K.L.:
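Pasting in a structure now, in structure tokens, and then I'll have a few things to ask.
Source: prediction; values computed, not measured. We name chains A, B, ... by the order of the sequence lines, and we start the count at 1 in each one.
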There are 2 protein chains.
Amino acid sequence: MTKPAAVQTVGGHAALDAFVVSQLEAALAASAMRVTAPRRTILQLIADRGGSHFCAADLLVDAKRRRLEVGRATVFRTLDLLLAAGLIERIDLPGGDHAYVACQPRRHHHHIVCTGCGRSTDIADAELRAMIDAIGRATGYVIDRHRLELYGRCPRCRTGASA
Amino acid sequence: MTKPAAVQTVGGHAALDAFVVSQLEAALAASAMRVTAPRRTILQLIADRGGSHFCAADLLVDAKRRRLEVGRATVFRTLDLLLAAGLIERIDLPGGDHAYVACQPRRHHHHIVCTGCGRSTDIADAELRAMIDAIGRATGYVIDRHRLELYGRCPRCRTGASA
DNA sequence: GTAGATGCAAAACCTTTGCATTTTG
DNA sequence: CAAAATGCAAAGGTTTTGCATCTAC
């Protein structure tokens with residue numbers, strides 16, 4: 001049996017906390033995109049989710065609750081933007097719906113999503129690359145993209161709540 | 001560096017070919033669900049896709065083209081059924097949309113999806129389990145579910161067409 | 001004969017788009 | 001000031017649902 005080591009978490013939800021504006025400006029300015037109030041608002045809403053996954057509708061609800069003005073269309077457009085910038089990533093929940101999570105920009109990684117609190121942690125696993133190469137050799141495929149998602153219960157949820 | 005072996009393909013699209021009806025009857029009868037004409041039709045449509053991924057709309061189109069009668073609602077309902085029975089699985093394409101693929105029933109595995117022809121192959125990789133355990137240990141999560149999807153070009157598409 | 005399945009069409013959803021107005025750089 | 005972004009509302013597409021009818025067991 002192999003001994004898979006080299007597992008390294010690369011940080012998770014803190015990614016958008018204080019950096020919010022700087023990350024945004026860096027990413028957007030670099031692409032000739034403008035830093036606007038609605039975009040700041042949306043980034044803030046995402047940051048305030050504390051790392052839990054969310055979908056467009058969630059943000060709209062949060063915004064409405066906090067009486068922040070953002071249009072539906074703008075939320076969708078901004079999510080696409082953040083996705084392209086690598087500040088958020090699309091994940092697919094076990095149930096079948098999809099959501100987004102804030103994550104380390106521009107670095108390949110995977111996610112563990114807690115089925116308890118919905119928070120996610122980024123994972124960088126060099127091992128995976130080797131395994132994928134082996135699968136490619138075994139099947140004859142040239143594998144050029146992959147996606148790994150893990151679901152479970154985070155330390156906090158295991159000790160805190162029951163179940 | 002680890003030497004990931006134990007990669008074993010467990011067969012792919014042939015799963016629904018001849019077995020169609022028997023599989024269906026086995027799975028459905030076991031759940032007090034009925035074997036009906038529309039369900040057979042849908043299974044046939046899936047089988048005839050030759051292993052390529054598809055979505056509900058694709059089947060509707062195929063059905064219309066072949067003048068087979070199936071209602072929209074029935075297609076959706078049957079897909080849910082087959083999903084629950086493990087005869088098909090939901091996958092998520094790189095582009096973001098999701099689709100289904102026929103696969104080995106009731107055995108845990110992963111998919112390689114060819115970005116050329118859309119066909120998929122099932123993969124059983126024992127290695128992955130070890131890696132996931134390691135990630136669990138490293139992060140403190142209790143991982144109870146995972147999803148791995150690989151995308152690339154299959155041997156046929158690499159040799160046949162260019163690009 | 002009866003529980004379960006079908007089909008239709010309407011409803012519910014989610015996401016995108018057109019366009020006039022506002023804002024950023 | 002020009003280009004880009006916003007917001008609204010309407011359009012588009014997909015999946016679900018209610019209900020009367022039909023059918024497998």
K.L.:
Figure out the NZ/P separation between B:Lys64 and C:dG7, and round it to whole Å.
P.N.:
11 Å
K.L.:
Hey, which sits more toward the 5' end of DNA chain C by its nearest nucleotide, B:Met33 or B:Arg72?
P.N.:
B:Met33
K.L.:
Less than 4.0 angstrom from a charged side-chain N to a carboxylate O is my criterion; do A:Arg153 and B:Asp144 meet it?
P.N.:
no
K.L.:
D:dG7 C1' sits how many Å from A:Leu68 CG, rounded?
P.N.:
16 Å
K.L.:
Please tell me which of the listed nucleotides, C:dT17, C:dC8, C:dT15, lies nearest to the side chain of A:Ala73?
P.N.:
C:dT17
K.L.:
Starting from C1' on D:dT6, measure out to CG on A:Leu60 and report it in whole angstrom.
P.N.:
14 Å
K.L.:
Can you say whether the rings of B:His146 and B:His108 are parallel (under 30°), tilted (30 to 60°) or perpendicular (over 60°)?
P.N.:
perpendicular
K.L.:
Which residue lies toward the 5' end of DNA chain D, B:Ala37 or B:Ala57, if each is placed at its nearest nucleotide?
P.N.:
B:Ala57
K.L.:
Rounded off to whole Å, could you give me the CZ-to-P distance for the B:Arg90 and D:dT14 pair?
P.N.:
14 Å
K.L.:
Can a salt bridge be assigned to the pair B:Arg129 and B:Asp133 using a cut-off of 4.0 Å between side-chain N and carboxylate O?
P.N.:
yes
K.L.:
In whole angstrom, give the distance that lies between atom CZ of A:Arg40 and atom P of D:dA5.
P.N.:
15 Å
K.L.:
Please report, rounded to the nearest Å, how far the P atom of D:dT14 is from the CG atom of B:Leu79.
P.N.:
14 Å
K.L.:
Any side-chain N or O of A:Arg39 below 4.0 angstrom from OP1/OP2 of D:dA5?
P.N.:
yes
K.L.:
Would the base of D:dG7 count as contacting A:Arg77 through its side chain, where contact means a donor and an acceptor less than 3.5 Å apart?
P.N.:
yes
K.L.:
Any idea which heavy atoms bring A:His98 and A:Cys55 closest together, and the distance?
P.N.:
O-CB, 4.2 Å
K.L.:
Measure from the side-chain heavy atoms of B:Thr36 and tell me the nearest of D:dA24, C:dA9, C:dT24.
P.N.:
D:dA24
K.L.:
Does a nitrogen or oxygen in the side chain of B:His98 sit under 4.0 Å from OP1 or OP2 of C:dC14?
P.N.:
no
K.L.:
Are B:Asp122 and B:His110 linked by a side-chain donor-acceptor pair shorter than 3.5 Å?
P.N.:
no
K.L.:
To the nearest Å, give me how far apart CG (A:Asp80) and C1' (C:dT17) are.
P.N.:
13 Å
K.L.:
In whole angstroms, how far is the C1' atom of D:dC8 from the CD atom of A:Glu69?
P.N.:
13 Å
K.L.:
Which nucleotide in the set C:dG25, D:dT6, C:dT15 lies at the smallest distance from any side-chain heavy atom of A:Phe76?
P.N.:
C:dT15
K.L.:
Looking at C:dA3, does its base get a donor-acceptor pair with the side chain of B:Arg34 below 3.5 Å?
P.N.:
yes
